[in-house]
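Below is one structure; the comments refer to it alone.
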Amino acid sequence: MFTSKRVVITGAASGIGLATALAFARQGARLFLVDIDQVQLDAAATEARKHTADVHVFRCDLTSPEQVGQLKEELLSRMEGMDILFNNAGIGASGALTADIEEDEFTSVMAVNVVAVWRMMKLAISLMLEQGGGVIINTASALSITVMPGSAAYNASKHAVAALTKTATTEYAQQNIRINAICPGVIRTALLAARPDIKELEPQLLALHPIGRLGNVEEVAEAVVWLASDKASFVHGALFTVDGGWTAS
């Protein structure tokens, strides 16, 4: 389905990004994997090359306009553009209440989860306008639809991703650029498992999901691949939930 399609994935070195890279690789896509962690990025590329030969990596801090400019140059040199962007890089927050969040934390979350997402959308849209179309999938969250106490910075950032997705859809749908957002619930990742309070926290997280369990990265990856495919050709501006029913209740 994706043979020779040029797929760019940010936050590709682990978790949902890595699972999605492997899902695209198994379908023959050409991959350009982006992350801030070079060691994990190289390991992700090694895994992806078991399924597709055309895999490139680029270490990038997406909060740096200069580095994103270098990313664009490298992308054009290696792949001459992109057909699909999975705009997935993001960070969490401390869990402090709104009035207790330090300003450095709030601005850092916004820089990664909003400004960098917009920066990659800007890059992708400019290339896609030149080539006649493409697909962008942003990683939003169930917290783009609802909120959770103690997550003000993260809630705000993911609501902003939803707004960017919907706004850009209204602006570029007629230029054959299809833009959606994936909205995962709580997904089992190495980062989640490494939390020191996970044993105490897990019952609360499970209770959010009517299905009675947390999600896994492969479930999100399969949804992203479907959204990127021609089978989703009439899906524009969606906040596509993969959340075990969390936001339905």
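FYI, side chains are in, hydrogens and waters are out, and symmetry mates aren't considered; it's all heavy atoms of this structure.
- At a threshold of 4.0 Å, the pair R213-E219 counts as salt-bridged, since one of the basic side-chain nitrogens sits closer than that to a carboxylate oxygen.
- A heavy-atom distance below 4.5 Å is not found between the side chains of I145 and W246.
- Here the shortest heavy-atom pairing between E105 and A93 reads OE2-CB, 3.3 Å.
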Chi angles and distances behind the side-chain hydrogen bond (donor to acceptor under 3.5 Å, both in side chains) call for N88, T10: CA-CA 5 Å; N88 171 68; T10 67; 5.6 Å; no

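- Minimum interatomic distance between L164 and M121 (heavy atoms only, all atoms of both residues): O-CE, 3.8 Å.
- For R26, the CZ atom is densely surrounded, since the number of other residues' heavy atoms within 6.0 Å is greater than 12.
- The side-chain hydrogen bond (donor to acceptor under 3.5 Å, both in side chains) contacts involving residues 31-40 comprise Q38-D42, where partners must be two or more places apart or lie in separate chains.
- Between F2 and F24, the ring-plane angle classifies as perpendicular under the 30° and 60° cut-offs.
- Contact annotation: the side chain of I36 approaches that of R59 to within less than 4.5 Å [non-hydrogen atoms, C-beta and beyond].
- Ion pairing of E47 with K50 is present here, as a side-chain N (NZ or NE/NH1/NH2) and a carboxylate O approach within less than 4.0 Å.
- A 6.0 Å sphere centred on CG of D197 holds more than 12 heavy atoms belonging to other residues, nucleotides or ligands.
- Between V57 and A45, the shortest heavy-atom distance links the atoms CG1-CB, 3.5 Å.
- Other residues, nucleotides and ligands contribute only 12 or fewer heavy atoms inside 6.0 Å of the CD atom of E80.
- Of all non-hydrogen atoms in V109 and A153, the two that sit nearest each other are CG1-O, 3.8 Å.
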Stepwise, does the side-chain hydrogen bond (donor to acceptor under 3.5 Å, both in side chains) test hold for S151 with N155? CA-CA 6 Å; S151 298; N155 293 339; 4.6 Å; no

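- Heavy-atom neighbours of E102 CD from other residues, nucleotides or ligands within 6.0 Å: at or below the threshold of 12.
- Between the side chains of D54 and T52, no donor-acceptor pair of N or O atoms lies under 3.5 Å.
- The shortest non-hydrogen separation linking G15 to T189 is CA-CG2, 4.4 Å.
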